[in-house]
Protein chains: 2
Amino acid sequence: MIPGAPNAPAQERGRLRRATLLGAAVELLTEGGFAAVTHRAVAQRAGLPLAATTYYFASRDQLLAEAFAQLVEAELATTRDWIADHGLTGLPDLIAAADRTRQLGLWELYVHAGRDPVLRQIARRWTDGCVHLVAQALRLPDGDPRVRLLYTALSTLWLELIVEQRPPAETRELLAHAVENASRP
Amino acid sequence: MIPGAPNAPAQERGRLRRATLLGAAVELLTEGGFAAVTHRAVAQRAGLPLAATTYYFASRDQLLAEAFAQLVEAELATTRDWIADHGLTGLPDLIAAADRTRQLGLWELYVHAGRDPVLRQIARRWTDGCVHLVAQALRLPDGDPRVRLLYTALSTLWLELIVEQRPPAETRELLAHAVENASRP
DNA sequence: GCTAAACTGGTACGGCTGTACCACTTTTGG
DNA sequence: CCAAAAGTGGTACAGCCGTACCAGTTTAGC
């Protein structure tokens, strides 16, 4: 039987190989953006033959989508832990400490999601997850306008820090303002 | 003499050709993102031979950068006019009315600027320009935190509208909140 | 009018891309 | 034990890419 790129390989070794490939794709994505995620590069990074990528993933788009999803989940977990330890106003330090090219890869795929319905779902999951983290930190419901507005400040300042490399001090100051705003009734 | 991709061609026809190529690049950028801006596609769109692109532009990166800059200036002008006519709270309607793929192209290049110093300068120009427009509308100085925070709301809501295609009603409501916040002392 | 510079456009090269193909080996289930 | 399914890996194909090259033509300056 010719398998149609099994999402869950039947054999143990297959599952391992698939996971290795996905991990390699995530690595390449964080290093060089989604342009760097090619079948050949992924296979080489994983130490597997080229054909392995086409065997376990139906297409490059699917590989990219799964890598994006995995990256988003990892990012949300990291952010959750950081907020628990340092609070919302400590977030600029997280961004400063985080791998810049990794963030770039994430945002690249986020924007690319505007052209791909499959990625769009993952993009929404990212936004919703971040909003939820802010809501928890403020002890307010997810839908509260103060939560949403604070999130917009976080999001834009974050992106500016990554892309334009603005001075972190300015970001910290503005974020403090935003948190103060959100804490008012 | 072998010219090094003249930025300002000496002959009238050359200037016209260069402008035509740049216009074609902008078109393709707005239609299919920066992946669509290839030498061949630009030349074909402009109705010129392939070699014309390499003659007037030193590299694809330069062509892309100039197209980005042109797009940013056009976008700033459009936004300025719209704010003058409809005010800040009318902006969601501008976004809704604007060409969605055009905005996607802009944001794609904005994020890509994180990997390219030349583009980064243009990205900063875009941000600064938008902040300035908000400052003018609020009659506050550019550096005022209220201006910067309102801009963050605009920016994120805009991006979410474009990428995630969230319902415009929600955007309008949040934007009204943000404007109210910014108008408080 | 004539030389040099500016421009034109056809063609070619080397490289990378996604993906298909297929003979082969290993594992699984009855 | 043995057929069928699952997995393996080397290779090939067709297409697009940026860019270089160059013989020819047009224009500008003296």
Side-chain angles (χ1 to χ4, degrees), chain A residues 1-22 24-25 28-29 31-68 108 112 115-116 118-119, chain B residues 1-22 24-25 28-29 31-68 108 112 115-116 118-119:
Chain A
M1 172 207 171
I2 298 164
N7 281 18
Q11 301 176 13
E12 183 56 31
R13 188 168 178 227
R15 280 188 290 272
L16 183 67
R17 280 186 152 217
R18 195 180 196 279
T20 305
L21 286 169
L22 195 50
L28 289 166
L29 187 57
E31 288 171 17
F34 77 88
V37 183
T38 68
H39 283 142
R40 282 168 181 82
V42 170
Q44 190 171 15
R45 177 66 62 102
L48 293 173
L50 169 61
T53 60
T54 63
Y55 182 75
Y56 289 108
F57 298 91
S59 67
R60 182 190 179 239
D61 282 350
Q62 193 199 332
L63 179 55
L64 221 39
E66 291 198 35
F68 183 32
E108 262 180 37
H112 190 66
R115 298 186 195 272
D116 182 339
V118 177
L119 294 185
Chain B
M1 173 203 171
I2 297 163
N7 280 17
Q11 300 175 13
E12 183 56 33
R13 189 172 179 226
R15 281 189 288 273
L16 183 67
R17 279 186 152 214
R18 197 179 194 279
T20 306
L21 285 168
L22 196 50
L28 289 165
L29 187 58
E31 288 171 18
F34 77 87
V37 183
T38 68
H39 283 143
R40 284 168 179 79
V42 169
Q44 190 171 17
R45 176 66 62 101
L48 292 173
L50 170 60
T53 60
T54 64
Y55 183 75
Y56 289 107
F57 298 91
S59 68
R60 182 191 179 239
D61 282 350
Q62 192 199 334
L63 178 55
L64 221 39
E66 292 199 33
F68 184 32
E108 263 180 37
H112 190 66
R115 297 186 195 273
D116 182 339
V118 178
L119 295 185

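None of these values were measured; they are calculated from a predicted model.
- Taking only side-chain nitrogens and oxygens, A:T54 never comes nearer than 4.0 Å to OP1 or OP2 of C:dT19.
- One interatomic measurement links the two molecules: CZ of B:F34 to P of D:dG18, which rounds to 12 Å at whole-angstrom precision.
- Rounded to the nearest 0.5 angstrom, A:R17 CZ and A:L48 CG are separated by 4.5 Å.
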Can you check nucleotides 22-30 of chain C for protein contacts, nitrogen or oxygen pairs under 3.5 Å, and list what you find?
none

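- Not counting sequence neighbours, the partners of B:E66 by the side-chain hydrogen bond (donor to acceptor under 3.5 Å, both in side chains) test are B:R18, B:Q62.
- Residue A:A52 is the one, among B:A51 and A:A52, whose nearest nucleotide of DNA chain D lies closer to the 5' end (criterion: closest heavy atom).
- Within the model, atoms CG of B:L21 and CG of B:L16 stand 9.5 Å from one another, a figure rounded to the nearest 0.5 Å.
- Partners of B:R15 under the side-chain hydrogen bond (donor to acceptor under 3.5 Å, both in side chains) rule, at least two apart in sequence or in another chain, are B:E12.
- Side-chain atoms of B:R60 lie closest to D:dG18 of the nucleotides D:dG18, C:dA6, C:dT19.
- A rotation axis mapping the C1' atoms of four pairs onto the next four is fitted at both ends of the helix from C:dG1-D:dC30 to C:dG30-D:dC1 over five pairs, and the angle between these axes is 20° to 10 degrees.
- Across the protein-nucleic acid pair, B:L64 atom CG and D:dC17 atom C1' stand 14 Å apart, rounded to whole Å.
- Distance CG (A:L21) to P (D:dG7): 13 Å, rounded to an integer number of Å.
- The distance from the CZ atom of A:R13 to the OG1 atom of A:T20 is 10.0 Å, given to the nearest 0.5 Å.
- A side-chain hydrogen bond (donor to acceptor under 3.5 Å, both in side chains) check over residues 31-42 of chain B, counting only residues at least two apart or in different chains, returns the pairs B:E31-B:R45.
- Comparing B:H39 and A:G14 by the nucleotide of DNA chain D that holds the closest heavy atom to each, the one mapping nearer the 5' end is A:G14.
- Of all heavy-atom pairs between A:L63 and A:A25, the closest is CD1-CB, 3.9 Å.
- The line from CG of B:N7 to CZ of B:F57 is 8.5 Å long, rounded to the nearest 0.5 Å.
- Closest approach of A:A67 to A:L22, counting heavy atoms only: N-CD1, 3.7 Å.
- Sorted by residue number, the members of residues 40-50 of chain B with any non-hydrogen atom under 4.0 Å from DNA chain C read B:R40, B:P49, B:L50.
- The side-chain heavy atoms of B:D61 and B:V118, taken from C-beta on, include no pair separated by under 4.5 Å.
- Within the 4.0 Å cut-off from OP1 or OP2 of D:dG9, at least one side-chain nitrogen or oxygen of A:R17 is found.
- Between the CG atom of B:L63 and the P atom of D:dG18 there is a distance of 9 Å, rounded to whole Å.
- Nearest to the side-chain atoms of B:Y56 among the listed nucleotides C:dT8, D:dG9, C:dT19 stands C:dT8.
- At a threshold of 4.5 Å between non-hydrogen side-chain atoms, the residues A:F68 and A:E108 do not count as touching.
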